[in-house]
Amino acid sequence: MRTPHVVVVMGVAGTGKTTIGPLLAAALGVPYAEGDDFHPPANIAKMSAGTPLDDADRWPWLDAIGQWAHGRAGLGGVVSSSALKRAYRDRLRGEAPDAVFLHLTGDRSLIEERMAGRKGHFMPTALLDSQFATLQPLEDDEAGVAVDVSGSPEEITQRAVAALRRLDD
Ligand SMILES: Nc1ncnc2c1ncn2[C@@H]1O[C@H](COP(=O)(O)OP(=O)(O)OP(=O)(O)O)[C@@H](O)[C@H]1O
Ligand SMILES: [Mg+2]
């Protein structure tokens with residue numbers, strides 16, 4: 001039997017990490033953890049005050065996500081984390097060397113449309129611009145797959161399961 005993957009679901013805001021993460025976890029029969037829940041209190045205070053996080057704020061958060069992922073090594077798990085920069089993924093891998101990344105990719109226009117429909121969230125266009133400007137896609141030496149987010153959540157989940165399965169071939 002294959003060792004279950006520990007998957008970090010990455011991608012820009014609104015790409016569907018929180019939507020697809022739990023569906024993927026259910027399909028794989030493993031637990032899901034929401035990356036946003038790993039912020040230390042200092043980050044929550046900063047975000048509540050409307051101050052953007054800087055990289056120094058992100059390191060303890062990424063370490064906490066990485067520690068969760070490492071705790072699932074050999075057992076399997078899915079956790080969301082936008083992980084837009086290579087340096088963020090390197091940090092996660094520092095804690096969880098076996099983590100694989102699922103990059104949810106999509107057209108800017110599609111993501112914008114989906115964001116517009118999201119309740120209780122406000123994402124100005126400039127923020128989405130900065131997300132795409134920051135994004136550094138997976139490089140060849142990084143374990144992971146990219147999956148397009150067109151279609152229904154169920155279709156995307158099946159695409160992700162198939163892509164992750166091909167990683168083992
Ligand atoms: N395949 C889909 N079809 C239609 N709507 C979708 C799909 N995937 C996600 N959505 C909707 O798009 C919006 C953004 O998705 P979601 O919140 O999962 O993104 P996210 O990557 O977690 O964003 P953030 O980085 O801000 O946490 C939500 O309103 C969600 O319901
Ligand atoms: Mg989310």
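In each ligand, atom 1 is the first atom listed, and ligand 1 is the first ligand listed.
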Would you say T18 reaches the Mg ion (ligand 2) with an N/O/S atom under 2.8 Å?
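An N, O or S atom of T18 is closer than 2.8 Å to the Mg ion (ligand 2), so yes.
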Just to be sure I'm reading this right: ignoring hydrogens, which of [options] gets closest to [atom]? Compare them by their nearest heavy atoms.
atom	options	value
atom 18 (O) of ligand 1	T19, T157, L128	T19
atom 5 (N) of ligand 1	M115, E155, R114, Q131	R114
atom 22 (O) of ligand 1	V12, D36, T18	T18

Salt-bridge present ([X], [Y]; N to O < 4.0 Å):
X	Y	value
E34	K17	no
R166	D169	no
K85	D55	yes
D90	R86	yes

Of all the heavy atoms in G11, does at least one lie under 4.0 Å from an atom in ligand 1?
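The answer is no, since G11 has no heavy atom less than 4.0 Å from ligand 1.
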Does at least one non-hydrogen atom of G151 fall below 4.0 angstrom from an atom of ligand 1?
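The answer is yes: ligand 1 sits under 4.0 Å from a heavy atom of G151.
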Worked check of side-chain hydrogen bond (donor to acceptor under 3.5 Å, both in side chains) between S82 and Y88
CA-CA 9 Å; S82 47; Y88 303 160; over 6 Å; no
Give the atom numbers and elements of ligand 1 that come within less than 4.0 Å of a heavy atom of S152.
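Ligand 1 atoms under the 4.0 Å threshold to S152: 1 (N).
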For I156, the ligand 1 atoms whose distance to one of its heavy atoms is below 4.0 Å:
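Heavy-atom distances to I156 below 4.0 Å select 1 (N).
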Taking atom types as modelled, is there a side-chain donor on S150 or D148 under 3.5 Å from an acceptor on the other?
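S150 vs D148: donor-acceptor pair found between side chains.
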Do D168 and H5 get their side chains close enough for a donor-acceptor pair, meaning under 3.5 Å?
yes
Please determine if V149 has a nitrogen or oxygen closer than 3.5 Å to a nitrogen or oxygen of ligand 1.
no
Below the 3.5 angstrom mark, is there an N/O of I20, backbone or side chain, next to an N/O of ligand 1?
no
Is there a side-chain contact between V100 and V6 (heavy atoms, below 4.5 Å)?
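No. Closest side-chain heavy atoms not under 4.5 Å.
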Ligand 1 contact on L104 by region, counting heavy-atom pairs under 4.0 Å:
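It is neither part, as no heavy atom is under 4.0 Å.
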Examine the proximity of ligand 1 to S82 and report which part, side chain or backbone, both or neither, has a heavy atom under 4.0 Å away.
neither
